[in-house]
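Bear in mind the structure is a predicted one, so any value in this text is a computation, not a measurement.
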Amino acid sequence: MPEETRRSAPSRQTRSGSFATAQVQAGYVSGLAENTAVPSIHQSNGFEFASLSEARDLFALRKDGNIYSRAANPTVLVFERRVAELEGGIGAAGVASGQAAVAVALLALAKQGEHIVAARQLYGGTVDLLQDTFADWGIEVTFVDQDDLDAWQAAVRPTTRALFAESISNPIAQVLDLGAVAAVARRAGVPLVIDNTVATPYLQRAKDFGADIVVHSATKFLGGHGTSLGGVVVDLGTFDFTAEPERWPQLTQTYARVPDGSLVERFGETASPYIALVKTKYVHDLGPSLSAFNAFQLLQGLETLDLRMERHTATALTVARFLEQHPAVARVHHPSLESSPWRENAATYLPDGASSVFAFDLSATGDAEADFRLVEDLISRLQVIRLVANIGDARSLVAHPASMTHSHMSPAQLAEAYISPTTVRLSIGLEDAHDIVDDLRRALDGVAAALTPAEADRQLAETSAR
């Protein structure tokens, strides 16, 4: 364009100023309440300060408010408050995933040279985190059989800073004797941290049985629709970090990010010093932030949690009872079945329904590759149940722990967790119970029909013996 043409072109002015300024700022007033009936998505990286003095107070933690979405966001805050309310907690931190929730919850308790006692019956990714990454950071973890109370007690050391377990294990659905393990934690003077992902606060409030801190993979049942990653750490307000202040200097001694004071002094009366540490150090520094959009979607899921869990658990028990009678199935791991060693624990800790995430074993051939092909044949015949590495979805899902979610574990670790080459994990969704049962019947019948006569006779004998 010639120079004279450019000079004569009309300027693009708006009522509020130039076009460039208006396209960035017009139509929005910071801090204006819109009176929405549902939580809004506050999709903003940062937040405007009324003055530099206010900004200084916020950064020094002398005042509560929004600074930057890496550590805090208004939509995420609603999600945190809601989960804390459901768990009976005093504060919560929303993070990017369940794995992040486990990591920051334990990092806020144990540092280099310190120690954690954990159940060995854990989700495979959690085992990876604790035995590999925590070891890299100088935090030692002792794994114990979650049903062996003497082992929990014997593993405690002067450097132990937390006990950790899942309320319902993934994938075998073992139900933790939470009250008994909580008693071990109290004697040791350390918090009991419970991953309550599979149970959810609807089926079990871990606080009622002695837990101190709860974590969730909100990706699972809290969200419920398989669309959004998220995690949450909840301080249940039951552990007194000031009883032995020398063991918890990160909370009771001067905190560099709180001028002239400790987190206990700043937050002890009105909030959670522990959650303040999780947010202002570990989420702030490592950056596993929960996005506003994901928090919004998780909030939508939370609104129907009780209705979904009732359907999940009722259908799962129907499926488990069917599987227990099928000749191609060697064993069903569901805590509500009469055959389960965890039935008594389920009655105590899960009176409103047990796990909809559970496993069953096909009869093994004794050859690892043949067993894999057996499971692969079964899964290939399923039409309603989908092969997906997730749980807690509205859809029914299937997985093979030994080759998928727990594939990094050694053969000894798999055996200790009761996971065999023919273990199949199910997460029962919200579809019609008859459709799910019929899908499994067709697949299992097909597997049974493909067996040799000798294999079929052996499986029939095993089923009759049960």
Side-chain angles (χ1 to χ4, degrees), residues 120-132 143 145 169-174 319-320 322-334 339-340 355 357-391 393 395-428 436-466:
R120 67 190 183 202
Q121 295 93 342
L122 296 173
Y123 162 63
T126 305
V127 174
D128 292 342
L129 170 69
L130 298 183
Q131 76 177 7
D132 294 340
F143 293 94
D145 181 349
S169 70
N170 172 6
I172 301 298
Q174 293 170 252
V319 172
F322 158 75
L323 289 170
E324 198 170 40
Q325 302 305 315
H326 198 283
V329 175
R331 184 177 182 183
V332 182
H333 306 276
H334 190 288
S339 59
S340 172
S355 181
V357 177
F358 67 99
F360 66 94
D361 298 331
L362 298 174
S363 295
T365 66
D367 176 81
E369 188 57 32
D371 286 343
F372 177 83
R373 290 197 300 271
L374 184 67
V375 176
E376 186 173 40
D377 183 24
L378 170 74
I379 291 175
S380 71
R381 297 172 186 272
L382 295 170
Q383 297 177 358
V384 175
I385 304 172
R386 311 298 180 87
L387 178 60
V388 178
N390 190 28
I391 60 173
D393 198 322
R395 285 148 286 278
S396 291
L397 309 176
V398 64
H400 181 230
S403 67
M404 295 173 62
T405 56
H406 294 68
S407 60
H408 298 164
M409 293 168 63
S410 69
Q413 287 176 310
L414 289 170
E416 289 172 346
Y418 304 102
I419 299 171
S420 78
T422 61
T423 298
V424 179
R425 185 187 73 184
L426 293 174
S427 176
I428 299 302
I436 299 170
V437 168
D438 287 346
D439 194 38
L440 284 163
R441 179 183 289 109
R442 284 191 300 268
L444 288 165
D445 288 349
V447 168
L451 296 175
T452 65
E455 290 171 331
D457 289 343
R458 176 174 54 81
Q459 289 197 5
L460 181 60
E462 291 175 352
T463 304
S464 299
R466 297 202 301 272

Quick one: does [X]'s side chain have a donor or acceptor within less than 3.5 Å of a partner on [Y]'s backbone?
X: Ser169; Y: Gln174; result: yes
X: Asp439; Y: Val384; result: yes
X: His334; Y: Ser339; result: no
X: His333; Y: Arg425; result: no

Between [atom1] on residue [X] and [atom2] on residue [Y], distance to nearest 0.5 Å:
X: Asp128; Y: Thr405; atom1: CG; atom2: OG1; answer: 10.0 Å
X: Leu397; Y: Ile391; atom1: CG; atom2: CD1; answer: 9.0 Å
X: Arg442; Y: Leu440; atom1: CZ; atom2: CG; answer: 9.0 Å
X: Ile379; Y: Ile385; atom1: CD1; atom2: CD1; answer: 10.0 Å
X: Glu416; Y: Met409; atom1: CD; atom2: CE; answer: 8.0 Å
X: Leu362; Y: Leu323; atom1: CG; atom2: CG; answer: 9.5 Å

Residues, nucleotides or ligands: over 12 heavy atoms within 6.0 Å of Arg386 CZ: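 No, because the 6.0 Å sphere around CZ of Arg386 holds 12 heavy atoms or fewer from other groups.
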Pair Thr423-Ile172, side chain to side chain contact (heavy atoms under 4.5 Å, CB included): steps then yes or no: CA-CA 9 Å; Thr423 298; Ile172 301 298; 4.2 Å; yes
Can you see which heavy atom on [X] is nearest to which on [Y], and at what distance?
X: Ala402; Y: Ile419; result: N-CG2, 4.3 Å
X: Ala399; Y: Pro401; result: O-CD, 3.4 Å
X: Leu122; Y: His406; result: O-NE2, 3.3 Å

Under-4.0 Å salt bridge between Asp438 and Arg441: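 Looking at Asp438 and Arg441, the cut-off is met.
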NZ/NE/NH1/NH2 to OD/OE distance under 4.0 Å, Asp377 and Arg373: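 Result for this pair is no, no salt bridge flagged.
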Evaluation steps, side chain to side chain contact (heavy atoms under 4.5 Å, CB included), between Leu426 and Ile436: CA-CA 11 Å; Leu426 293 174; Ile436 299 170; over 6 Å; no
Intermediate values then yes/no, side chain to side chain contact (heavy atoms under 4.5 Å, CB included), Asp145 and Arg120: CA-CA 6 Å; Asp145 181 349; Arg120 67 190 183 202; 3.6 Å; yes
Val447/Arg381 under side chain to side chain contact (heavy atoms under 4.5 Å, CB included): CA gap, chis, key distance, verdict: CA-CA 9 Å; Val447 168; Arg381 297 172 186 272; 4.1 Å; yes
Would you indicate whether the side-chain heavy atoms of [Y] and [X] approach each other to under 4.5 Å?
X: Leu378; Y: Val424; result: yes
X: Leu387; Y: His400; result: no
X: Arg395; Y: Val388; result: no
X: Asp393; Y: Ser427; result: no

Thr422 and Asp361 side chains, donor-acceptor separation under 3.5 Å: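 No, no side-chain donor-acceptor contact under 3.5 Å.
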